[in-house]
Amino acid sequence: MGRFSQTYRIALAGLFLFVLGFLLLHGRVAQQSGSWRYTVTHDDEYAFWVIADGAGESPRSDANPFYAEHAGETNPLLSYPTVILVGTIGGWLGVPVLTLLPLWKVGAPFLAWLVIWQCLVRIWGCREGPAAATSLCVLCGTMLLHGSAQHMLLRFSRPIDTLAASAVWLSCALNPRVLKGKTQGLTALAAAVVLLASPFHAVFCTITTWCAWLWSRWRRQDPDAGRVLWLASLASAVGLTLMLGLMHQAADNRWMQDALAFDAGVEGGSWLSVLLLVAAIFAVLIRHRGQSLTRSDMSLLCILAVEPLAANVQIILGQGYGVAIHRYYFLIFELLALIAWLA
């Protein structure tokens, strides 16, 4: 009973901090302007809220909500699943979609933190207090970064919408001993959410899962390698099917063609990511000097192994598909893996 009461206290304290942070960031502007609209300062986020508003209209008009002549036109179903879902809920409730902004700005980061914290405690075996503080600091610390990463926590809707599901998937893939019973079903559900809602997190989690399986095969005595193989194979099969479907839709959609080719002229190979992985490998080997590697070593190397592939997609596939410029999606998990390895 004591442990559960401590869990509830920490969860409520975390919820209070997220509510307080939201009010400090946006409360005064909303009060002075009389609308949540003026708290949306990121151009991508504004576009997503407009799309959500169009999704809540009847008929659904999320393809280009800025023009009345495009009423009734819709985007492909899996273009922005979370955005469409939020807009649909607003339509069901009969309220302007921005009415849901406070709920999203508090609820989405809180859910991501709650799930990451519980993964650290229940799957990785960390103590509740330090795990809660560390995950909270990592999440909130992204707001102090530069570029797109600073909007990671509060932007609607990506990448925060699939952060919780990605945490479950990665934690179970890197700790396959828990892939049993209800946890196995929960992992499958989390993987399905990530695959359907976030292609960049899906790529990251799938490659990391394959790296975890290679680790299990290298150890040979690991009895859980089969579970990781099944997870990696199913995720790859579903992901490939979705990718082929996306390519088919893009052939008839000029906007999707432009979006996929956006970085074709600006992305190049990033060898810094290769050096980062090499430095991590040497650091792990020097730290142990012939001793058996630990689960935290494996997790760090598997997660960082995605960086060189993601940074050099254009060299490998001939087109970037936006993967390299969205590597900040992986940042939270890379920081957590590094902290766990240093601890």
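Everything numeric in this text was worked out from a predicted model, so none of it was measured.
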Between [atom1] on residue [X] and [atom2] on residue [Y], distance to nearest 0.5 Å:
| X | Y | atom1 | atom2 | result |
| --- | --- | --- | --- | --- |
| Gln6 | Glu128 | CD | CD | 4.5 Å |
| Gln31 | Thr39 | CD | OG1 | 13.5 Å |
| Ile84 | Thr88 | CD1 | OG1 | 6.5 Å |
| Tyr328 | Gln150 | OH | CD | 10.5 Å |
| Leu154 | Met143 | CG | CE | 4.5 Å |
| Leu335 | Ser135 | CG | OG | 12.5 Å |

Could you report the tightest heavy-atom contact between [X] and [Y], atom names first, then the distance?
| X | Y | answer |
| --- | --- | --- |
| Gly147 | His151 | O-CD2, 3.9 Å |
| Ala164 | Ala112 | CB-CA, 4.1 Å |
| Ser273 | Ala311 | OG-CB, 3.4 Å |
| Pro81 | Leu196 | CG-O, 3.4 Å |
| Val121 | Ala131 | CG2-CB, 4.0 Å |
| Leu277 | Leu301 | CD1-O, 4.1 Å |

What I'd like to find out is whether the side chain of [X] reaches to under 4.5 Å of the side chain of [Y], using heavy atoms alone.
| X | Y | answer |
| --- | --- | --- |
| Thr99 | Pro96 | yes |
| His201 | Phe333 | yes |
| Leu139 | Leu163 | yes |
| Phe156 | Val86 | yes |
| Ile281 | Leu304 | no |
| Ile303 | Leu174 | yes |
| Tyr329 | Phe204 | no |
| Trp117 | Leu114 | yes |

Aromatic contact, Tyr80 with Phe48 (centres under 6.0 Å):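 Centroid distance Tyr80-Phe48: below 6.0 Å, so yes.
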Quick one: do Val284 and Trp341 satisfy side chain to side chain contact (heavy atoms under 4.5 Å, CB included)? Show the steps, please. CA-CA 9 Å; Val284 168; Trp341 184 76; 3.7 Å; yes
Check for me, please, whether [X] and [Y] land in the same ILVMFWY cluster - side-chain distances under 4.5 Å, paths through other members count.
| X | Y | answer |
| --- | --- | --- |
| Ile332 | Leu111 | no |
| Leu331 | Leu276 | yes |
| Phe200 | Val83 | yes |
| Ile123 | Val138 | yes |
| Leu170 | Leu189 | no |

Under 3.5 Å donor-acceptor, [X] side chain and [Y] backbone:
| X | Y | result |
| --- | --- | --- |
| Gln32 | Val29 | no |
| Trp113 | Ala132 | yes |
| Thr209 | Cys205 | yes |
| Arg155 | Arg158 | yes |
| Thr206 | Val203 | no |

Arg28 CZ: over 12 foreign heavy atoms closer than 6.0 Å: no
Test: Arg327 and Glu334 ion pair at under 4.0 Å: no
Applying ring pair (Phe, Tyr, Trp, His ring centres under 6.0 Å), can you list everything that pairs with Trp210, at least two apart in sequence or on another chain?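 With neighbours one apart ignored, the set is Trp213.
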Which residues pass the ring pair (Phe, Tyr, Trp, His ring centres under 6.0 Å) test with Phe22, sequence neighbours left out? His26, Trp36
